[in-house]
Peer 1: 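Let me give you the structure first, and then I'll get to my questions.
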Protein chains: 2
Amino acid sequence: MEQTLTFSIQDYLKNIYELTDSGEPATTTALAERLGIAPASVTGMVQKLSTAKPPLLKYRKHQGVMLTNEGQRAALEVIRHHRLLEAWLVKTLGYSWDEVHNEAEKLEHVISEDFEKRIAAAMGNPERDPHGEPIPSEDLVMPDDESVALVNLESKQEAVVCRVEAQDTDLLKHLEGLGLVIGAHVKTLEVSRYDQVMQLQVRGRKEAVVLGPAVTSRVYVEVVA
Amino acid sequence: MEQTLTFSIQDYLKNIYELTDSGEPATTTALAERLGIAPASVTGMVQKLSTAKPPLLKYRKHQGVMLTNEGQRAALEVIRHHRLLEAWLVKTLGYSWDEVHNEAEKLEHVISEDFEKRIAAAMGNPERDPHGEPIPSEDLVMPDDESVALVNLESKQEAVVCRVEAQDTDLLKHLEGLGLVIGAHVKTLEVSRYDQVMQLQVRGRKEAVVLGPAVTSRVYVEVVA
DNA sequence: AATATAATTTAGGTATTCCTAAATTATTCT
DNA sequence: AGAATAATTTAGGAATACCTAAATTATATT
């Protein structure tokens, strides 16, 4: 007599977040394996989440998924819950580092923001969990924005990011630091950022090859080859 | 973008437990009101829970529901979780008595037995929650048993419990203390007990008028009228 | 006791999230 | 480049927990 257990939206977002930390889109198959369900089921859910209002992720057939900033915010909230909980359980209930995970995995979905703040405060707002993983702070992700076409590349051309519009010099440094190269087939691009995560998104053309969450700043590129 | 929230089996059991603490069966309508859903929905769920293996409750059309001992065990586990959590949140996170309820309401369903033991131990195994409600201890409810016909009454007859089989003198005192009278139409009966809760069950005849969870001891009665 | 009213269940329908099998699309190999 | 293979999506179906409206059963009134 068990309640049918299905995955929450939070579970999907968290796992997508973890799968995409390289900056590469997550495939439906990889996500399916992680969750232990059939790939077809993931396809369906991903289609739903990508057309939600607001969209929690961007999805392109056969390409994979990337979180929107909204999706990232939700994912990071859960991760923050998880890591704070782990730290707290270890500290107050004598759990060992390896024991806390499953407990936190369940609690992370149900605690309130108030609860989160209380345990964070009770521990002096720690920056890392017992495993040494950083605990993401709140308000790290920028709001989503409408995407805008920026630059056109011919097929097979490559380009390097050279300028970021507006005041976002931070983002520019980030791009330059990565020596980011935009691959061929790219027609228009948008850039989004969170921590080391750098994602490129292309839309509106069938030859698009990269995709990402949502635009946060306009970016200009120089054609290379 | 919200996950559809439906009631868990635990929610049903807990609410039935609370509705039946008088010993009277809970009506589907009362349960529906408590949960904020349509009576028809409760009927369906109750039918399912009563035919589960093992059955978590006994249900008779138009009569209402009572928990089986198995159902009571599950309900008390959740209640124990709830009260321990309330006590713990108040003690360790500075929650006030009125704030803890909602938080505990969510946590109670997801914590492990290990977690439960840890917070109980951390507080020195308290017997009451911050509201003064007793925290049920584990292993309070007896296992379910196959029911057996014990005595036959003619229609309209009444009877008083006079003897309880085997060593259970405690139960006997309990029955006598209540001056329990078995109503008319009763053909065979079984008795179950938890704390002040006393339930009667009748089966196998369409004229049955009382119902209860499951038998725990044989009981003999004397015909009165 | 017969009828009116209220409570409850049944029947049929919706939405959700999973499944499997078939069809499609992408990738790899020769 | 073409064929074989692998990855992914589509289509159709199952289970669950809710809903509303209609049918039934119980209760109250006269």
Side-chain angles (χ1 to χ4, degrees), chain A residues 1-16 19-20 24-53 56-66 109 183-185 206-211, chain B residues 1-16 19-20 24-53 56-66 109 183-185 202 205-211:
Chain A
M1 203 58 219
E2 294 271 315
Q3 189 92 327
T4 308
L5 62 86
T6 109
F7 288 103
S8 68
I9 293 174
Q10 288 183 339
D11 285 319
Y12 276 90
L13 297 179
K14 190 177 75 158
N15 282 283
I16 292 167
L19 276 175
T20 55
E24 288 296 302
T27 64
T28 47
T29 313
L31 188 49
E33 271 170 19
R34 237 179 125 87
L35 297 173
I37 62 180
S41 306
V42 171
T43 301
M45 179 57 74
V46 148
Q47 286 171 340
K48 179 191 155 190
L49 297 182
S50 68
T51 55
K53 287 180 304 198
L56 297 169
L57 50 84
K58 296 252 168 153
Y59 163 69
R60 284 281 253 284
K61 272 193 194 178
H62 301 98
Q63 301 300 321
V65 293
M66 291 287 330
H109 302 295
H185 306 291
K206 68 176 184 185
E207 60 266 61
V209 288
V210 214
L211 79 165
Chain B
M1 203 61 221
E2 293 272 316
Q3 190 91 329
T4 308
L5 61 87
T6 104
F7 289 103
S8 66
I9 293 174
Q10 289 184 338
D11 285 318
Y12 276 89
L13 297 179
K14 189 177 74 158
N15 282 282
I16 292 167
L19 276 175
T20 54
E24 287 297 301
T27 64
T28 48
T29 314
L31 188 49
E33 271 171 21
R34 236 178 126 86
L35 296 173
I37 62 181
S41 307
V42 171
T43 302
M45 179 58 75
V46 148
Q47 286 171 339
K48 179 190 156 192
L49 296 182
S50 69
T51 56
K53 288 182 302 200
L56 297 169
L57 49 84
K58 297 252 170 156
Y59 163 68
R60 284 281 253 281
K61 275 191 191 182
H62 301 99
Q63 301 301 321
V65 294
M66 291 287 329
H109 301 295
H185 305 292
V202 182
R205 303 293 296 236
K206 67 178 186 185
E207 62 268 55
V209 288
V210 215
L211 80 165

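Below, chains carry the letters A, B, ... as their sequence lines are ordered, and counting in each starts from 1.
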Peer 1: Nearest 0.5 Å, please: how far is CD in B/Gln47 from NZ in B/Lys61?
Peer 2: 8.0 Å

Peer 1: If the sugar-phosphate is the primed atoms plus P, OP1 and OP2 and the base is the rest, what is the B/S/- string for nucleotides 13-19 of chain D, using protein heavy atoms under 4.0 Å?
Peer 2: ---SSSB

Peer 1: Using whole Å, what does the distance between atom P of nucleotide C/dT16 and atom CG of A/Asp11 come to?
Peer 2: 18 Å

Peer 1: Is B/Lys61 close enough to C/dT10 that one of its side-chain N or O atoms is under 4.0 Å from OP1 or OP2 there?
Peer 2: yes

Peer 1: What's the shortest heavy-atom distance between B/Thr20 and B/Ala26, and which atoms?
Peer 2: CG2-N, 3.5 Å

Peer 1: B/Tyr59 OH to C/dA7 P: how many Å, rounded?
Peer 2: 16 Å

Peer 1: Give the table of side-chain donor-acceptor pairs shorter than 3.5 Å for residues 34-46 of chain B, with sequence neighbours excluded, one pair per line with atom names and distance.
Peer 2:
from	atom 1	to	atom 2	distance (Å)
B/Arg34	NE	B/Asn15	OD1	2.8
B/Arg34	NH2	B/Glu18	OE1	2.4
B/Thr43	OG1	B/Pro39	O	3.2

Peer 1: Does the side chain of A/Gln63 get closer than 4.0 angstrom to OP1 or OP2 of C/dA26 through an N or O atom?
Peer 2: no

Peer 1: With sequence neighbours left out, write down each residue that passes side chain to side chain donor-acceptor pair (under 3.5 Å) with B/Ser8, or none if nothing qualifies.
Peer 2: B/Asp11

Peer 1: Can you pull out every salt bridge (Lys or Arg N to Asp or Glu O under 4.0 Å) where at least one residue sits in residues 35-47 of chain A? Sequence neighbours excluded, please.
Peer 2: none

Peer 1: A/Gln47 has an atom CD; how far is it from atom P of C/dC18, in whole Å?
Peer 2: 13 Å

Peer 1: With rounding to the nearest 0.5 angstrom, report the OG1 to NE2 distance, B/Thr28 to B/His62.
Peer 2: 8.0 Å

